[in-house]
Amino acid sequence: MEHQLTIYNTLDRKKELFVPLHAPHVGMYVCGPTVYGDAHLGHARPSITFDVLFRYLTRLGYKVRYVRNITDVGHLEHDADEGEDKIAKKARLEQLEPMEVVQYYLNRYHKAMEALNVLPPSIEPHASGHIIEQIELVKKILDAGYAYESQGSVYFDVAKYNKDYHYGKLSGRNLDDVLNTTRELDGQEEKHNPADFALWKRAQPEHIMRWPSPWGDGFPGWHAECTAMGHKYLGEHFDIHGGGMDLIFPHHECEIAQSVASQGDDMVHYWMHNNMITINGTKMGKSLGNFITLDEFFSGSHKLLTQAYSPMTIRFFILQAHYRSPVDFSNEALQAAEKGLSRLMEAVDSLEKITPAATSNVDVKSLRTKCFEAMNDDLNTPIVISHLFDGAKMINNVIAGNNTISADDLKDLKEVFHTFCFDILGLKEEIGSSDGREAAYGKVVDMLLEQRVKAKANKDWATSDLIRNELTALGFEIKDTKDGFEWKLNK
């Protein structure tokens, strides 16, 4: 491999050199959405974080099998084990089939991910499509002695498991901590221990999402789906399991316990978790009712928004922070991201306006090296972006005549920006401004300004001034350069 990636392994709580178990193949599993509502900014962060990881591993030459699941059953309203299924509740209130709810919001989720330029995963399995695999997982855990049946449900025996292994090694908790912080809920008397979690739940008569099992009609526990589908598509051992840090406990902790109990050792080699999107310092999410959907960001329709923000502005906003750092929402931060993204895209566009010189006094090789070093240091995208801004200054200095760049270096500089802006960070050039005028008029403006250049060459100052004045009145900013002209549309 040309580059060696170091990542932060949540399990060991330290950075580790990434050495995949089946090089050059990488197995990666990321917890996807529960599809009972529109995707919000909190959904965007893990999607973008692991999209960048997917892109970068591919760029390094790995063949990546990226599995991102869809939770469409078993995510209950009160906690992992109690309450009404969230999708079933939505279906009941809207008088729809549960899978109608799933399909509607899944379509909208995919549309939002496409707008954010998030690549589709290799496999996108649904929990409801893998009931057999989840039942088989429960059987294995029962056979190993780490689960018990109670009143038609099956629960994982956390205390028994903890005697042989360590329940809490991912989150850094011990069982006493878990017991002291586990709520006593009505209907949990069938558990041996409040910390025990459901592998299979008996369906009440009114429960509309139900399947037959050796223990009676019911449905799988939320934690079982990822373990069962990860095993099916990536094997007993795979490289990376990712998700938001809010999933560390209990979801991913329970996944570790399930895999160890069912096969004798841990399934996952590296655990990676992105930090949260916050609003006024509080996690943004559906359960707290303080979320802003991605569609609301794109349209500017939410009361907390002062304007609409394009999908690439949202992506750039998220990438400006390291994935393990929290990001607090504010209009000011998004507006700054919008301006920063515009500057970067202007630099990319300006690359096409440079006429190479015979000699070069810019250090493109160093720029490339620094960008790779930042990516190899636990996907440090904010540092990559800072280096790209240094590259933008390099471009502006060449255009201004302060520096020169050879044809070979210019070719390399274009490749650096294309690799990091587009291939790795996943940015893309959008329709210029929010109402699309820049893209619609771009070719026309170029044509008019080329006519202005000809008019100036012919000393036809009246035509030259007329074109400039009319474009300025329409909101275009025109700048003459030694190579011709530059323009942009002011908002």
Side-chain angles (χ1 to χ4, degrees), residues 10-13 31 34 71 73-86 127 134-135 137-204 213 215-216 218-228 230-231 241 243-268 271 273 283 285 287:
T10 309
L11 184 61
D12 295 328
R13 284 173 278 281
C31 290
T34 303
T71 299
V73 65
H75 205 164
L76 306 186
E77 189 178 14
H78 297 326
D79 72 351
D81 295 342
E82 296 300 324
E84 188 173 6
D85 185 290
K86 292 178 179 180
Q134 293 174 81
I135 289 174
L137 172 68
V138 177
K139 287 180 180 178
K140 288 180 181 178
I141 297 173
L142 278 167
D143 290 344
Y146 294 110
Y148 56 90
E149 184 180 353
S150 178
Q151 301 178 35
S153 296
V154 180
Y155 290 97
F156 191 94
D157 194 330
V158 171
K160 187 172 182 181
Y161 172 85
N162 193 59
K163 289 179 181 178
D164 298 328
Y165 304 100
H166 177 199
Y167 180 79
K169 66 179 183 178
L170 181 66
S171 59
R173 306 183 188 206
N174 60 51
L175 188 55
D176 289 338
D177 294 335
V178 175
L179 291 173
N180 291 334
T181 57
T182 301
R183 294 185 300 159
E184 292 280 0
L185 296 174
D186 293 338
Q188 290 200 338
E189 60 274 2
E190 60 192 48
K191 293 184 180 184
H192 292 175
N193 188 313
D196 294 349
F197 58 89
L199 298 169
W200 184 265
K201 284 287 291 181
R202 173 173 57 92
Q204 300 298 326
S213 80
W215 316 285
F219 54 92
W222 172 39
H223 310 305
E225 63 175 284
C226 292
T227 305
H231 181 273
H241 195 321
M245 66 179 296
D246 55 328
L247 298 178
I248 292 175
F249 188 87
H251 185 49
H252 289 164
E253 196 73 75
C254 293
E255 279 196 61
I256 289 176
Q258 289 170 159
S259 67
V260 173
S262 62
Q263 66 184 42
D265 59 359
D266 196 353
M267 187 180 292
V268 179
W271 287 88
H273 295 89
K283 174 196 166 187
S287 60

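Since we're looking at a predicted model, the values are computed, not measured. The figures here come from the full heavy-atom set of this structure, side chains too, leaving out hydrogens, waters and symmetry mates. Index from 1, following the sequence.
Taking OG of S259 as the reference point, atom CG of L137 lies at 9.0 Å (rounded to 0.5 Å). Note that NE2 of H166 and CD1 of I256 are 10.0 Å apart. Values are rounded to the nearest 0.5 Å. How far NZ of K86 is from OG1 of T34: 6.5 Å, rounded to the nearest 0.5 Å. Interatomic distance, CZ of R173 versus CG of D176, reported as 13.0 Å (0.5 Å rounding). To the nearest 0.5 angstrom, D12 atom CG is 10.0 Å from L170 atom CG. Distance CG/N193 to NZ/K160: 13.5 Å, rounded to 0.5 Å.
Proximity of W271 to R13: side-chain heavy atoms (C-beta onward) are nowhere separated by under 4.5 Å. Between M267 and H241, every side-chain heavy-atom pair lies at or beyond the 4.5 Å cut-off. Annotation: side chain of L199 is not in contact with side chain of W215 (no heavy-atom distance under 4.5 Å).
The backbone N or O of F219 lies less than 3.5 Å from no partner atom in the side chain of R202, so there is not a single donor-acceptor pair. Between the side chain of D196 and the main chain of D157, no donor-acceptor pair closer than 3.5 Å is present. Remark: the backbone N or O of K140 is not paired with any side-chain donor or acceptor of S262 at under 3.5 angstrom.
The minimum heavy-atom distance between A261 and F156, with the atom names listed, is CB-CE1, 3.7 Å. The shortest heavy-atom contact between I141 and A147 is CG2-CB, 3.7 Å. Across every non-hydrogen atom of L175 and N162, the tightest pair is CB-ND2, 3.7 Å. Here the closest non-hydrogen pair linking H223 and F197 is CD2-CD1, 3.7 Å. Of all the heavy atoms in W200 and G216, the pair that sits closest is NE1-O, 3.6 Å. The two residues E255 and C31 have their closest heavy-atom pair at OE2-SG, 4.1 Å.
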_The test is side chain to side chain contact (heavy atoms under 4.5 Å, CB included); show your working for L76 and E82 and say whether it passes._
CA-CA 6 Å; L76 306 186; E82 296 300 324; 5.5 Å; no

- Item | Derivation and outcome, side chain to side chain donor-acceptor pair (under 3.5 Å), residues Y155 and K201 | CA-CA 8 Å; Y155 290 97; K201 284 287 291 181; 3.2 Å; yes

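Classification of the W222-H75 ring pair by plane angle, with boundaries at 30° and 60°, yields parallel. Under the 30°/60° scheme for interplanar angles, the aromatic rings of H252 and H273 are found to be tilted.
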